[in-house]
Amino acid sequence: MAETKREIERKYESDESGLPDLTGAAGVAAVVDKGVAHLDATYYDTVDERLAASSVTLRRRTGGSDAGWHLKFPIAPGVRDELHAPLSDTLPDDLAGLVRSRVRDSELLPVVRLRCERDVRHLVDADGGLLAEVAVDAVHAERLTPGGGETQWTEIEVELADGGDPALLDKVEKRLRKAGVRPSASASKLARALAETAPAKKRPSASAGKPVTAGDHVLAYVRTQRDAIVELDPAVRRDAEDSVHSMRVATRRLRSTFKSYGKVLDRAATDPVGDELKWLAGELGRDRDREVLTERLTAALDGVPADLVRGPVSERLHTWSSAEHGGARGRLLGVLDSRRYLALLDTLDALIADPPLRKAAGKKPRKVIAKAVKKDFRKVTGLVQQARELEPGTDRDVAIHEARKKTKRTRYAAEAGGPALGKPAKNLVKSMKALQNLLGEHQDSVMARQTIREMSAVAHAAGESAFTYGLLHEREEQRAARVEAELPGFWDGIKDGAASL
């Protein structure tokens, strides 16, 4: 896998060339001249510039100390994750995978060539330690696609040293501003080059207005979740923390929205998409469920006194978790490269571009959205009541799990309607999240007990004691019983949550 570096930098422009003296600013003891580098970078994108639209940059650069392929993902203003691969004639496979959710079957083509004469200075402290690198870049940009032009400019770039304090950039900026230097209007060199060299017909058009109809609000939420799936794809491939869970939630939000707002978007068109989203959520859930169960069972085992741990229970838990993770990880990467997954992304794009709107979509949002949210809430009410009336056991476990799923659906419906419904929707989201967490604790206990029984059977077959597994099972039963006892009072406190919609 390519090397990853967190890049924290700021860009500036000035009517005057050169760099003001930064000695003394933010603990800068000296400004060390590191000479001039000549950089030549070719940026790649699809014909319709999908990477640029997401503020993602992919380039092949020669010259300087880090020649090679660079792929950058935005994290926050002025902060990007840069992945670097050695110089080669073709794009490395691992970088190609990280842009696949955006590029899909489209060809990556050279779109811009940037040649830069970089005058580099190091800002160092009293011990000679690097605080930041400052570069004065004389840039010449040439669009490589038909009808494009050329442009040039000079900019100042300040990049924080690895592990440096971001506050240093504020102090350096204060010194720069006093010298007449101003922050750049463009987030990157590529963004500026694309804007200044684009043919007139490709120049950015005016942005869309605020949502007006019920359809506008629902589609805005759908678009947000589609974007989340696409943007999280590279993080999932890199096994970034919480990425799998976040992507799974986005798929569930989409599927729930299609169901909740069937009066807005025709379910004859959205149900098949929902089936594919369910498939994707299931694939994402394989590893997520293992992760949750591993954390839960590890914590439970840590709470068992040492003299009550009989046999290699910890080792068996580790073996189960590792085996499950290895299999799930490899399978998930295959899913993200599959034709089925990429077709799902294409289908979502097409649905958003030409939505299957029903009559209610053109109406004012408040009444339409409130009606959908209330309908979902009534389903939760019925399922909670059913669970309360059942005796403890499998039937009650299933009813509670169904109530949890409908609780999520109600939460997501209220999220989608939040801009139209205001505070009542926000309050309902909060109460549904709390109920979801409570019911989730119960479902986690159900799944934990199943896993404990499976590990106990393996241990028993190997001639090991099943005592500790029985103890863990009993404790999980008690945790579930506490949720069941808490549910009536908890529900009574929130059951009027949809009344104010």
Side-chain angles (χ1 to χ4, degrees), residues 2 4-9 11 41-60 69-85 91-92 94-112 114 141 143-145 184-198 202-208 219-238 240 242-244 246-247 249-251 253-254 280 336-337 341-353:
T4 303
K5 177 180 181 293
R6 178 61 55 87
E7 179 185 81
I8 303 176
E9 66 179 19
K11 297 179 182 295
T42 299
Y43 288 78
Y44 289 78
D45 207 335
T46 59
V47 170
D48 52 357
E49 298 176 6
R50 297 179 190 177
L51 298 183
S54 301
S55 299
V56 174
T57 62
L58 172 64
R59 73 186 179 203
R60 180 183 183 275
W69 288 90
H70 303 151
L71 176 61
K72 298 186 181 185
F73 291 101
I75 303 300
V79 182
R80 294 186 291 183
D81 273 351
E82 176 179 303
L83 289 89
H84 176 262
L91 177 64
D94 51 355
L95 295 190
L98 295 176
V99 297
R100 189 159 291 129
S101 65
R102 293 174 169 89
V103 174
R104 299 172 209 170
D105 290 332
S106 296
E107 185 179 2
L108 284 168
L109 303 169
V111 292
V112 165
L114 287 180
R143 182 177 281 263
L144 303 177
T145 54
S184 175
S186 298
S188 68
K189 290 181 176 66
L190 177 62
R192 181 167 180 173
L194 288 172
E196 294 185 6
T197 65
K202 287 191 175 182
R203 299 270 164 83
S205 58
S207 59
L219 284 173
Y221 191 74
V222 168
R223 191 177 297 109
T224 297
Q225 305 316 316
R226 184 277 312 272
D227 291 348
I229 293 173
V230 171
E231 291 167 6
L232 283 163
D233 177 291
V236 172
R237 292 175 186 269
R238 294 162 57 196
D242 202 44
S243 58
V244 172
S246 297
M247 191 173 182
V249 169
T251 65
R253 282 181 164 132
L254 266 176
L280 179 57
L336 296 183
D337 285 331
Y341 167 67
L342 298 177
L344 171 58
L345 298 183
D346 286 340
T347 301
L348 288 171
D349 288 349
L351 186 146
I352 291 170

Side-chain contact, heavy-atom cut-off 4.5 Å: [X] with [Y]?
X: Ser101; Y: Leu345; value: yes
X: Asp45; Y: Leu190; value: no
X: Tyr43; Y: Leu144; value: no
X: Tyr341; Y: Ile229; value: yes
X: Val230; Y: Arg102; value: yes
X: Ser243; Y: Arg238; value: no
X: Leu91; Y: Leu58; value: yes

- Evaluate side chain to side chain contact (heavy atoms under 4.5 Å, CB included) for Leu108 paired with Val103, printing each intermediate quantity in order. CA-CA 8 Å; Leu108 284 168; Val103 174; 3.8 Å; yes
- With sequence neighbours left out, what residues match Asp349 under salt bridge (Lys or Arg N to Asp or Glu O under 4.0 Å)?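 Salt bridge (Lys or Arg N to Asp or Glu O under 4.0 Å) list for Asp349, sorted by chain: Arg104, Arg226.
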- Item | Counterpart residues, salt bridge (Lys or Arg N to Asp or Glu O under 4.0 Å), relative to Arg6 (two or more places apart) |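 Per chain and number, Arg6 pairs via salt bridge (Lys or Arg N to Asp or Glu O under 4.0 Å) with Asp81.
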For a quick test of reading the model, state the closest non-hydrogen atom pair linking [X] to [Y] and the distance between them.
X: Val112; Y: Ala193; result: CG1-CB, 4.0 Å
X: Leu51; Y: Tyr44; result: CD1-O, 3.7 Å
X: Arg59; Y: Ala41; result: CD-CB, 4.2 Å
X: Asp48; Y: Thr46; result: OD1-OG1, 2.6 Å

- Item | Arg80 (side chain) donor-acceptor with Glu7 (main chain) under 3.5 angstrom |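 Side chain of Arg80 to backbone of Glu7: no pair is present.
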- Task: Keeping the roles fixed (side chain from Arg143, backbone from Leu194), state whether a donor-acceptor pair exists under 3.5 Å.
- Result: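 A pair under 3.5 Å: yes.
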- What residues form a side-chain hydrogen bond (donor to acceptor under 3.5 Å, both in side chains) with Ser188, not counting sequence neighbours?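 side-chain hydrogen bond (donor to acceptor under 3.5 Å, both in side chains) check on Ser188 returns nothing, list empty.
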- Steps toward side chain to side chain contact (heavy atoms under 4.5 Å, CB included) verdict (Thr224, Arg253): CA-CA 10 Å; Thr224 297; Arg253 282 181 164 132; over 6 Å; no
If you round to the nearest 0.5 Å, how far is [atom2] of [Y] from [atom1] of [X]?
X: Arg60; Y: Leu95; atom1: CZ; atom2: CG; result: 13.0 Å
X: Leu232; Y: Asp227; atom1: CG; atom2: CG; result: 10.5 Å
X: Leu348; Y: Arg223; atom1: CG; atom2: CZ; result: 12.0 Å

Charged N to carboxylate O under 4.0 angstrom, [X] versus [Y]?
X: Asp233; Y: Arg237; answer: yes
X: Lys5; Y: Glu82; answer: no
X: Asp337; Y: Arg100; answer: yes
X: Lys11; Y: Glu9; answer: yes

- Will you find, in the side chains of Arg192 and Ser186, an N or O donor that is under 3.5 Å from an N or O acceptor?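 Arg192 vs Ser186: no donor-acceptor pair found between side chains.
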